[in-house]
Amino acid sequence: MFQSFKATSNPEQGPPRLQALRTLMRTDGLDGYLIPRADVHQGEYVAACDDRLAWLTGFTGSAGFCAALHNVAGVFVDGRYRTQAREQVDLQHFTPVDWPEMKLASWLRAHLPDGGTVGYNGWLHTAEEIEKLTRDLADHRVTLVARTDAIDAIWKDQPATPVGVVRIYPDDLAGESHASKRAHLAQDLRDAGQSAAIITLPDSVAWLLNIRGTDIPRNPVAHAFAILHDDATVALFIDARKLSDEVLSHLGKEVTLRPYEAFGEAVSALSGLIRVDKTSAPIKVSDLLQEANTPFEWGQDPCVLPKACKTSAEIAATREAHLRDGAAMCEFLTWFAQQTPGSITEIDVITKLESCRAATGALLDISFDTIAGSGPNGALPHYRVTEASNRTLQEGDLLVLDSGGQYQNGTTDITRTLPVGSPGDEERAAYTRVLQGMIAMSRVRFPKGLAGRDLDAIARYPLWLAGQDYNHGTGHGVGVALCVHEGPQRLSRASHVPFEPGMIISNEPGYYREGAFGIRIENLVVVQKAQALKGADPSDMVAFETITWVPIDTSLIVSDMLSNPEREWLNTYHATCRAVLAHRLSPEAQDWLSQATAEI
């Protein structure tokens, strides 16, 4: 099993740890201290040694931060995690704060009316974060100061830094050698008059050098920094114990190996004009350059956009990964259809699904901890079941099942909402609206140049007509054999990044009623040039190609609510599921597939 169901934190541990932090703050002359979720690489998912926010507060969500003052400690969480945060932290000592509605600067001004000094670790915050907070506090007497990490100073049994094995990612799956990638990115640096680019994102390093790692659970990356020079050479900062002779040979002589700990010193020694990404590089990087009087300019990590726009080889590989994963899902759904209400638990669901993926013989890891929320647990968008929270599926429940796999040739992410017995009319109506939104996004055509902010409403419109909505984005970028959450593109009102052909994103509208039920339906799609339409105006249009092929439950659909085009899309989708999956399935699953994809 990849997934554990042990509770990873205990609210009772928070208060004494908070007291230890406050004692250290007094010694250091601080009125506050910021504890982010991120590690030095600004990762969403972090190694155990970097899970400082969970260690201090008990909150284990993948986004958020804590601002600890002497009289209050705010835990800032977005709409996905508000119920979870209230359940995981000691509410006598930690105060959940609705973020981003409540800005950190506004909260600090309210709780430090006479000003004060707030510390932060410069390796754990980006330059953009600190610059924005400094601007927002410009009219107040709160001062931000960089300090060594306070949590590390009081975390006596902090786990060791991971030393996971690095493996080669084959060129035939990547579609391009790392020498070729380095060459054309170096040309971009020369064209910009820059001598080097600093790369701090592990998935960027992995993509650039065609390697994968095992330092972060669920994400096949290694803790590493890189400096790409304008001559196409790379200085790679990584623990050498992670690299076999085969990997060293793959990297070649133009990739120079340096100790992981030497990164800061190397940054200080750079010369020429340096590119730094203020949205992802720790502010400590730009501080070191300023201290060394080295000129630098802000610019996007050179790997981010090429990594997002997949090669034809990557798209072909990930299509195959989704077919393999889709077959595993169908084997699971065949089993699920045979279970009766009250006979299985959420953990049973997860272990069975993982075994179906493992039976493919190709599963390297799951792509995130499976979300299997039944009944009221389904109303938590990022619910993670533990032995304590494990719930038996009951008559009338909806089960939100969000899961994925990491394979050599791709990363999958799929959500299906499944009935347990016969859910009520209200649940079925909401389910149909969510499905309508997902279908609308699947069918959309739009002019090239539009971004997530321009399209997000399309998936919400059927829900809005009923006065309903969901408190998360409609979709996120997805890597190929990399991170399941990948930027810069998103289907979100907050995203200004135009969609480009080759980008993979999720299409996952939902609806959640706290204390009652949740609904989410998710497929992955690839941005592609739209097919020409007869009689259409000449324009550069793009569309989404669906690459997830698993039947969508039809027993929950209120059929009369669907339009003819919606019904036609669903029937065509299910016909394709039969065509591409049937020969991959056991006879029993083939029978299930035939019934599950019957026309409506």
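In this text the structure is predicted, and so the values were computed from the model without any measurement. No hydrogens, no waters, no symmetry mates; every other heavy atom, side chains included, goes into these values.
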Item to check | ring-ring contact (aromatic ring centres under 6.0 Å, His included) between Phe225 and Phe237, worked out | outcome: CA-CA 5 Å; Phe225 298 103; Phe237 301 84; 7.3 Å; no
Item to check | Derivation and outcome, salt bridge (Lys or Arg N to Asp or Glu O under 4.0 Å), residues Asp51 and Arg37 | outcome: CA-CA 7 Å; Asp51 209 353; Arg37 160 70 175 179; 2.9 Å; yes
Item to check | Candidate pair Tyr383 and Thr83, rule side chain to side chain donor-acceptor pair (under 3.5 Å), full reasoning | outcome: CA-CA 10 Å; Tyr383 169 70; Thr83 302; over 6 Å; no
Checklist entry - Are Thr126 and Gln42 close enough, and set up right, to give a side chain to side chain donor-acceptor pair (under 3.5 Å), and what steps lead you there? => result CA-CA 8 Å; Thr126 67; Gln42 297 302 307; 5.3 Å; no
Checklist entry - Can you list the steps and then say if Asp230 with Arg190 is a salt bridge (Lys or Arg N to Asp or Glu O under 4.0 Å)? => result CA-CA 6 Å; Asp230 61 359; Arg190 293 193 296 272; over 6 Å; no
Checklist entry - Could you go step by step and tell me if Lys242 and Asp215 meet the salt bridge (Lys or Arg N to Asp or Glu O under 4.0 Å) rule? => result CA-CA 9 Å; Lys242 302 175 184 180; Asp215 283 339; 2.5 Å; yes
Checklist entry - Can you list the steps and then say if Arg520 with Glu508 is a salt bridge (Lys or Arg N to Asp or Glu O under 4.0 Å)? => result CA-CA 6 Å; Arg520 187 161 64 251; Glu508 51 179 315; 3.6 Å; yes
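Arg26 pairs by the salt bridge (charged side-chain N to carboxylate O under 4.0 Å, His left out) definition with nothing, not counting sequence neighbours. Judged as a salt bridge (charged side-chain N to carboxylate O under 4.0 Å, His left out), and not counting sequence neighbours, the contacts of Asp50 are Arg52.
Counting heavy atoms from C-beta outward, Phe499 and Gln489 have side chains that approach closer than 4.5 Å. Side-chain atoms of Arg147 and Asp28, non-hydrogen and from C-beta on, do get closer than 4.5 Å to each other. In this structure, Ile504 and Lys310 have side chains that are in contact, with non-hydrogen atoms separated by less than 4.5 Å. Counting heavy atoms from C-beta on, the side chains of Ser204 and Val304 come closer than 4.5 Å. For the pair Asp287/Val285, no side-chain contact is recorded, criterion being any heavy-atom separation below 4.5 Å from C-beta on. Taking 4.5 Å as the limit, some side-chain heavy atom of Leu228 sits within range of a side-chain heavy atom of Leu189.
Side-chain N or O atoms of Asp456 include none that pairs as donor or acceptor with a backbone N or O of Arg453 at under 3.5 Å. In this structure a side-chain-to-backbone donor-acceptor pair under 3.5 Å is missing from Arg182 to Val234. His93 places no side-chain N or O within donor-acceptor distance of the main-chain N or O of Glu12, the cut-off being under 3.5 Å. Using a distance-only test at 3.5 Å, with no hydrogens or angles considered, no donor-acceptor pair links the side chain of Arg275 to the main chain of Phe296. Proximity of a side-chain donor or acceptor of Ser268 to a complementary backbone N or O of Ala292 within less than 3.5 Å is not detected. Not one N or O on the side chain of Glu486 forms a donor-acceptor pair closer than 3.5 Å with the backbone of Cys483. The main-chain N or O of Ser271 is found under 3.5 Å from a side-chain atom of Ser195 such that the two form a donor-acceptor pair.
Distance check, rounded to the nearest 0.5 Å: CG of Asn507 to OG1 of Thr415 gives 10.5 Å. Annotation: the span from Ile198 atom CD1 to Ser280 atom OG amounts to 10.5 Å, rounded to 0.5 Å. For the atom pair Gln3 CD and Ile366 CD1, the distance stands at 4.5 Å (nearest 0.5 Å). Here CD of Glu44 is found 5.0 Å from NE2 of His485. Values are rounded to the nearest 0.5 Å. Expressed to the nearest 0.5 Å, how far CG of Leu450 lies from OG of Ser495 amounts to 11.5 Å. Note: Ser367 OG to Gln406 CD = 5.5 Å, rounded to the nearest 0.5 Å.
In this structure, Gly115 and His140 approach most closely via the heavy-atom pair N-NE2, 3.8 Å. Closest non-hydrogen pair, Asp402 versus Glu522, comes out as OD1-OE1, 3.3 Å. Residue Lys181 comes nearest to Leu208 through the heavy atom pair CD-O, 3.7 Å, listed as atom of the first residue, atom of the second, then distance. Nearest heavy atoms, Ile227 versus Ala196: CG2-CB, 4.0 Å. Considering all non-hydrogen atoms of both residues, Leu53 and Ile35 come closest at CD1-O, 3.7 Å. Ala281 approaches Thr200 most closely through the heavy-atom pair CA-OG1, 3.6 Å.
Comment: Arg218 engages Asp365 in a salt bridge, judged by a side-chain N to carboxylate O separation of less than 4.0 angstrom. With salt bridges taken as basic N to acidic carboxylate O contacts below 4.0 Å, none links Arg391 and Glu346. Using a cut-off of 4.0 Å between Lys/Arg side-chain N and Asp/Glu carboxylate O, Lys103 and Asp136 are scored as not salt-bridged.
Between Lys278 and the choices Glu129, Glu128, Glu131, the side-chain hydrogen bond (donor to acceptor under 3.5 Å, both in side chains) rule is met once, by Glu131.
Residue pairs meeting the side chain to side chain donor-acceptor pair (under 3.5 Å) criterion with at least one member in residues 288-299, sequence neighbours excluded: Gln194-Glu297. Among residue pairs with one or both ends in residues 113-123, those qualifying as side chain to side chain donor-acceptor pair (under 3.5 Å) are Asn121-Asp149; sequence neighbours excluded. Under the ring pair (Phe, Tyr, Trp, His ring centres under 6.0 Å) criterion, the residue pairs touching residues 73-92 are Phe59-Tyr81, Phe65-Phe76, Phe76-Trp107, Tyr81-His382, with sequence neighbours excluded. Residue pairs that meet the salt bridge (Lys or Arg N to Asp or Glu O under 4.0 Å) test with at least one member in residues 68-94, sequence neighbours left out, are Asp78-Arg80, Arg82-Asp98, Arg82-Glu101, Arg86-Glu514.
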